[in-house]
Structure formats: C-alpha cells, structure tokens
Amino acid sequence: MENFLGGSAALFSDPVALTIFFGGLLGGLLFGAIPGINMLTLGAVILPFTVSMDPTNAIMLYSVIYTSGVFGGAITAILFNIPGSPENAPTALDGYPMTQQGLAAKAIGAAVLCSSAGGLCSVLLMMAATPAIAGWAISAFGPPEIFGLVCLGLAMSASVGARDLWHGLLSVTLGMLIASIGTDPADGVPRFAFGFQFLLAGISFIPLVLGLFAVSEIFNQAEERINLGGERPKVSMELPSLLEFWRMKVTVIRSVIIGFFAGILPGIGAVLAAFLSYNEAVRWGGKNSRFGKGELKGVVASETANNAATGAAMIPLLALGLPGGALTAMMLAVFQLHGMEPGPLVFITSSDLVWTVFAAMFFANLLILALGYFQTKVVVHVLRIPFPLLGPGILLVATVGAYALRHLSLDVWVMFIAGAAGFLLRRSGYSVAGVILGVILGGIGESSFTKSMQMLDYNPLLLFTRPITALLVGVALLTIGLRLVEAVRSSRRHRVALANGSQSD
C-alpha cells in the first residue's frame with residue numbers, strides 16, 4: 001500500500017507526468033476506437049519521441065495507452081459493427097445487435113463499467129503478484145529458464161493474428177531471421193549483412209515497428225477506403241442497474257480469471273482472452289440465451305476479459321523482461337532506448353518507476369468510467385474525419401519519428417520498406433505482430449541460449465536437467481505438436497469436403 005501511495009503521489013505531484021498520463025489516456029481511447037488505426041499505430045508513431053522523455057513517464061505513457069486503447073474499440077464495435085481493435089471483435093457480436101434494437105446506451109454502459117471493473121481487478125492482482133514473481137524469478141530463473149520461457153512464448157506467438165498455424169509459424173520465423181541480421185553477439189562474426197556495412201549493426205527496431213504497424217496500416221486502410229461518415233447516430237450511455245450487474249456477477253468473475261491468466265502467457269494477450277471469455281459465456285449461457293442476437297452478457301464477457309488481460313500482460317514484461325504482445329514489445333524497446341533492462345532487478349533498481357506505472361494503470365482504469373460517455377460522443381465526430389486527411393497526417397508524423405531518432409535517412413527507407421512488406425504480409429494472411437514478437441523474442445532467446453551454453457559447457461542436453469527449463473521447452477513442443485496435428489486434421493477434413501462436393505456436382 002505504501003508503494004502504491006508513493007507511486008500515486010509521484011504521478012499527481014508532477015505536472016509533466018500528469019499531462020502525459022491524460023495524453024496517453026485520451027490518445028488510447030481515440031486511437032483504440034478508430035478501426036485499423038488502433039493503439040498499436042499510436043504506440044509505433046510516438047516510440048521515437050519517447051527517447052527525450054523521463055524513463056518513468058515514457059513507460060507510464062505506454063501502460064496508459066495499453067489500458068485505455070483496449071477499451072476504446074468497444075464503442076465502434078457496438079455502434080457500427082466495426083471493432084476498433086481485434087480485442088473488441090467479440091463485443092460486436094452482441095453489441096451491434098443491441099444497437100439495432102435501440103439498446104446501444106445499455107451496451108455502451110455495460111462495456112464501460114465492465115472494462116473498468118476487469119482492468120481494476122487485473123491491476124490489483126498485478127500489484128499483488130508481480131513483486132512476488134520477480135522475487136522468485138531472481139532465485140529460480142537463470143539464462144536456461146529464460147530460454148525455456150522464450151521457447152514457450154514463440155510457440156504461443158504462432159497463433160497471434162495469422163490466418164492459420166503455418167502462416168503464424170512463418171511470421172515468427174521471419175521475425176527471428178530479421179533479429180539475426182547484423183553481428184553475432186558471441187563471436188563477432190557478421191551474419192546476413194551481404195557486404196553492406198550499415199547492416200552490421202542489425203535492423204533498427206523502431207523504424208521496423210513504424211513500418212510494420214503504422215505505414216502498413218495506412219496502406220491497408222487506403223486500399224479498403226474505410227469511410228464511417230454519413231449520418232451520425234444519436235448515442236448515450238446507460239450503466240447497468242445493481243440488479244442487472246448482480247445477475248452478471250458469474251460472467252464478470254469468470255471473465256476476469258480468463259483474461260488475467262491469458263494475459264500472463266507470452267503471445268496470448270487480450271485478443272485471445274476476449275474470444276475465450278466470450279466462448280465460455282456462450283457455453284455456460286444455456287439454451288434460452290440470446291448470444292449473437294443482442295445478449296448483454298456477450299458484451300460483458302468480452303470487455304471484462306480483454307481489459308483484465310492488460311494488467312496481467314505487464315507481469316512477464318516487468319518480472320522477467322519478456323513481452324506478451326506487440327504493445328508490450330514496444331514497451332521493452334522504450335526500456336532499451338533508456339538503457340534499462342526490465343526483469344526481476346527492476347523492482348530493486350527502479351522501484352519508483354514500477355509503482356508509478358502501477359498507479360497510472362489503476363487510475364486509468366478508474367477514469368474509463370468517467371470518460372466513457374465523453375469518448376462515445378467524441379468518437380462519433382472523429383470518425384467523420386476523411387481518411388485522405390487522417391492517413392497522410394499519421395504518415396508524416398511516422399516519417400519524422402523515424403528520422404528524428406538517429407538523423408539517418410536510412411531509417412526512413414527501412415520504415416517504408418517494412419511498411420510495404422507489412423502490407424503484403426497482411427494481405428497474405430501473415431501476422432505483423434508475430435514478426436515483431438519473433439524479432440524481440442528471437443534476440444532474447446539467442447542471448448539467453450548463448451549464456452546457457454557457456455554455463456553448461458556447450459552441452460544442449462543439459463538444458464533438460466533443469467526442471468523449469470525442461471517443463472517450459474516441453475510445453476512449447478507439445479503446444480506446437482498439438483497444433484500441427486489439428487492443422488493436418490483440418491486440412492484433411494477440408495479436402496474430404498471438397499471431394500464430396502465435387503462428386504455431388
């Protein structure tokens with residue numbers, strides 16, 4: 001409690017920190033609500049500019065964007081049937097039918113209340129669990145265990161945003177190949193530099209993120225020409241009554257549990273948490289439920305779980321230095337920009353930073369309740385900005401950001417090449433989030449594997465004599481194996497269905 005009060009005091013006593021806090025809160029709410037151009041685009045665009053910030057404010061900014069951005073997309077999902085972010089996709093399944101029935105105010109009210117409740121529960125659990133996990137990690141986690149956890153994270157990342165397992169695996173592999181460009185950290189041998197001197201230092205992470213997330217998204221939206229203009233709907237917000245909320249208590253508690261545990265696992269995050277929670281709500285809903293036709297519990301399950309995953313996703317990042325998703329990977333980059341490494345020792349060396357971030361996430365979840373109505377009104381207007389104005393503006397800021405960091409036009413080229421590659425990858429069913437996770441986890445995995453081999457006399461079999469490493473690597477292999485079996489069975493079923501169809505023709 002004392003640490004939390006200290007973090008709160010540090011946040012509210014510093015006008016600069018407070019300005020950044022509200023800027024991140026409003027930015028996450030607005031960008032999270034704009035389909036396609038979501039909080040990841042915002043995170044990528046502002047990443048180069050965080051180098052001039054105080055490290056605490058920079059990390060706090062991303063934590064607040066993460067918190068508010070996950071909720072932001074619920075409004076467009078409910079009003080227009082277009083989720084602002086993938087995390088809000090299940091919300092549209094029941095939220096939009098409620099809008100068609102004239103119940104948009106109730107759906108928005110439930111989304112605001114349950115997003116806030118899920119996020120607050122998650123932050124409280126995070127504050128209670130993260131220091132304990134960090135303390136345990138100091139004694140139990142060495143380079144071999146970190147390598148095992150990276151293997152598990154890579155296995156999980158294969159399912160993030162790709163069309164199928166094969167596309168997911170190739171996305172992660174591509175990211176790992178990009179991470180290997182440069183100079184071998186163990187013996188200094190150039191790798192995949194092809195004689196180009198500028199490649200010896202590797203591919204700069206920030207232009208890569210800008211290209212894959214911001215530029216490719218602009219290209220993608222320009223192609224689809226999304227236009228949500230036209231008649232502006234009349235919207236309001238109606239919070240559920242105490243009786244209605246009491247009737248949904250089981251759904252809320254179950255969704256908090258699902259969201260929290262999905263958020264802890266690297267590579268799973270808020271998207272899968274929302275879908276898992278919605279599926280469980282349907283499964284326990286009974287025969288008379290109206291899921292898919294305007295069931296309030298569908299909105300509640302999705303929004304509670306995706307916000308519950310945000311606090312949990314900070315646990316592997318802060319306690320072990322491992323990102324759970326694309327935005328936490330950017331947070332890891334912010335740590336590195338300031339010469340810091342998240343991990344168990346960050347609770348000792350940067351305790352003020354950690355508790356300021358915890359306090360900021362707590363108050364951001366609390367303020368979602370107050371700002372939900374405001375955001376609903378504003379989003380309806382923002383969505384009327386023509387994309388020919390919005391897209392180039394974001395592209396200009398991204399270009400300035402890529403150049404400003406090192407004043408190298410090479411970084412701008414890297415950004416646009418990555419943008420074009422990201423656009424093609426998206427069109428082909430690959431995952432840009434999987435690529436970024438492959439870059440981050442591949443680099444950490446190589447470093448931990450090199451250190452492990454030095455510890456274990458260069459005998460990789462000794463990795464399996466360490467129980468935690470063996471367990472993590474075993475679960476990773478089992479996860480990939482089970483998904484491969486399922487993918488092969490699915491492919492066979494598809495071929496049989498096609499064959500039966502051609503025979504009937």
Side-chain angles (χ1 to χ4, degrees), residues 86 133 137 140-180 212 258-276 279 309 312-317 319-329 332 425 429-453 460-461 463-464 466-491:
I133 291 175
F141 267 63
E145 285 73 23
I146 295 290
F147 174 72
L149 200 54
V150 167
C151 289
L152 181 59
L154 289 170
M156 296 293 188
S157 301
S159 63
V160 179
R163 179 189 298 165
D164 52 38
L165 177 64
W166 305 108
H167 286 77
L169 286 172
L170 287 173
S171 302
V172 174
T173 304
L174 176 61
M176 293 170 67
L177 284 173
I178 293 173
S180 68
L212 287 176
I258 291 173
F260 189 79
F261 282 100
I264 285 179
L265 295 175
I268 299 237
V271 178
L272 195 56
F275 279 100
L276 283 175
N279 287 340
M314 299 293 288
I315 293 178
L317 176 69
L320 301 168
L322 293 172
L327 199 75
T328 47
L332 183 60
L425 288 171
Y430 295 93
S431 165
V432 292
V435 175
I436 286 297
L437 287 171
V439 172
I440 289 287
L441 293 176
I444 298 173
E446 181 182 10
S447 172
S448 56
F449 182 74
T450 303
K451 292 175 183 174
S452 301
M453 290 300 95
L461 294 178
L463 284 171
F464 298 96
R466 300 174 71 97
I468 295 177
T469 308
L471 176 65
L472 292 170
V473 173
V475 172
L477 292 174
L478 184 63
T479 300
I480 292 293
L482 289 175
R483 288 181 178 171
L484 284 173
V485 170
E486 176 58 30
V488 170
R489 286 180 177 173
S490 177
S491 177

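- Counting only distance, with no hydrogens or angles, the side chain of E145 and the backbone of G142 share a donor-acceptor pair below 3.5 Å.
- Side-chain contact between I146 and K451 is absent, with no heavy-atom pair separated by less than 4.5 Å.
- Inter-residue side-chain proximity for L425 and L174 is flagged as met; some heavy-atom pair is nearer than 4.5 Å.
- Take L170 and apply the side chain to side chain contact (heavy atoms under 4.5 Å, CB included) test, not counting sequence neighbours, and it matches Y430.
- In this structure the side chain of V473 reaches within 4.5 angstrom of the side chain of F464, judged on heavy atoms.
- The two residues L484 and L169 come nearest to each other via the heavy atoms CD2-CD1, 4.4 Å.
- Side chains of L154 and I480 form no contact here, defined as non-hydrogen atoms less than 4.5 Å apart.
- In this structure the side chain of L332 reaches within 4.5 angstrom of the side chain of L317, judged on heavy atoms.
- The side-chain heavy atoms of I315 and F260, taken from C-beta on, include a pair separated by under 4.5 Å.
- What you find for P144 and S452 is that their closest heavy atoms are N-OG, 3.1 Å.
- Considering CG of D164 and CZ of R483, their distance stands at 12.0 Å, rounded to 0.5 Å.
- Contact annotation: the side chain of L463 approaches that of F449 to within less than 4.5 Å [non-hydrogen atoms, C-beta and beyond].
- Contact detail for A476 and A155: the closest heavy-atom pair is O-CB, 3.8 Å.
- In terms of modelled atom types and a separation under 3.5 Å, the side chain of S448 and the main chain of I444 share a donor-acceptor contact.
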Is there a side chain to side chain contact (heavy atoms under 4.5 Å, CB included) between V172 and V435? Walk through the geometry before answering. CA-CA 5 Å; V172 174; V435 175; over 6 Å; no
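- Looking only at side-chain heavy atoms (C-beta outward), P460 and M453 come within less than 4.5 Å of each other.
- Judged as a side chain to side chain contact (heavy atoms under 4.5 Å, CB included), and not counting sequence neighbours, the contacts of V475 are L152, L471, T479.
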